[in-house]
Amino acid sequence: MNRPLLILDLDETLISAVEETPAGGFDFQIPGFFVRKRPHIDRFLQGVREWFDLAIWTSGTEAYAEEVVARVFPPGAGFQFVWGRSRCVIRYDEELRRHFFLKDLKKVKRLGFDLRRVLIIDDSPEAVGRNYGNHLFLRPFRGEQDNHEFLEVLPFLEWLKDQEDFRTIEKRTWRTRLPGHCLNNDSS
Ligand SMILES: [Mg+2]
């Protein structure tokens, strides 16, 4: 089997970036933002790097993506791609009456990746609307330091990496899926 691809979102997934100094502190600053890294991010990245090729896709600007990636990852971290807003499609949600950025995995397929073995971790289900079969949802990270999802999800990802078609696997129940990892979270 080919090596699978894991696409990571930035805001509210890997990091939380806010404009005002956050009461709970921050890890680093980039122009205009105070940034907090999601707890256990280093352990998480160390794990997934072993099992997946990595890519970044944010609906922030390309300049923002570069700034964040430079601070979160070591130099030469070797991504398949780092994509920003210009790779997203703007859509309008009639119900919520607002625009959102859609990440259409067709663009990833065009690069030659087999979508059966592509996973995207994103806190916004709407952003991956067309490719929900490739989506793994983590709760939006807003700077809280008692968030342990990066540790909790690792056993599931280690198992998933060996599956032939990620899209046929129910991923919404990852929290209760593996023996010993029934964390009794409210996964609504
Ligand atoms: Mg996000």
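Counting starts at 1 for both ligands and their atoms, in listed order. Keep in mind that this is a model prediction, so the values were computed, not measured.
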Is any side-chain N of the basic residue among K37 and D27 closer than 4.0 Å to the acidic one's carboxylate O? no

Restricting to N/O/S atoms, is D9 within less than 2.8 Å of the Mg ion (ligand 1) or not? yes

Ion pair present between E126 and R91, side-chain N to carboxylate O less than 4.0 angstrom? no

Shortest-distance N, O or S atom of D123 relative to the Mg ion (ligand 1): OD1

Flag D11 as yes if one of its N/O/S atoms falls below 2.8 Å of the Mg ion (ligand 1), otherwise no. yes

Please tell me whether Y92 and F100 form a close aromatic pair, meaning their ring centres lie under 6.0 Å apart. no

When F141 is tested against each of N147, T13, D11 for side chain to side chain contact (heavy atoms under 4.5 Å, CB included), which residue passes? N147

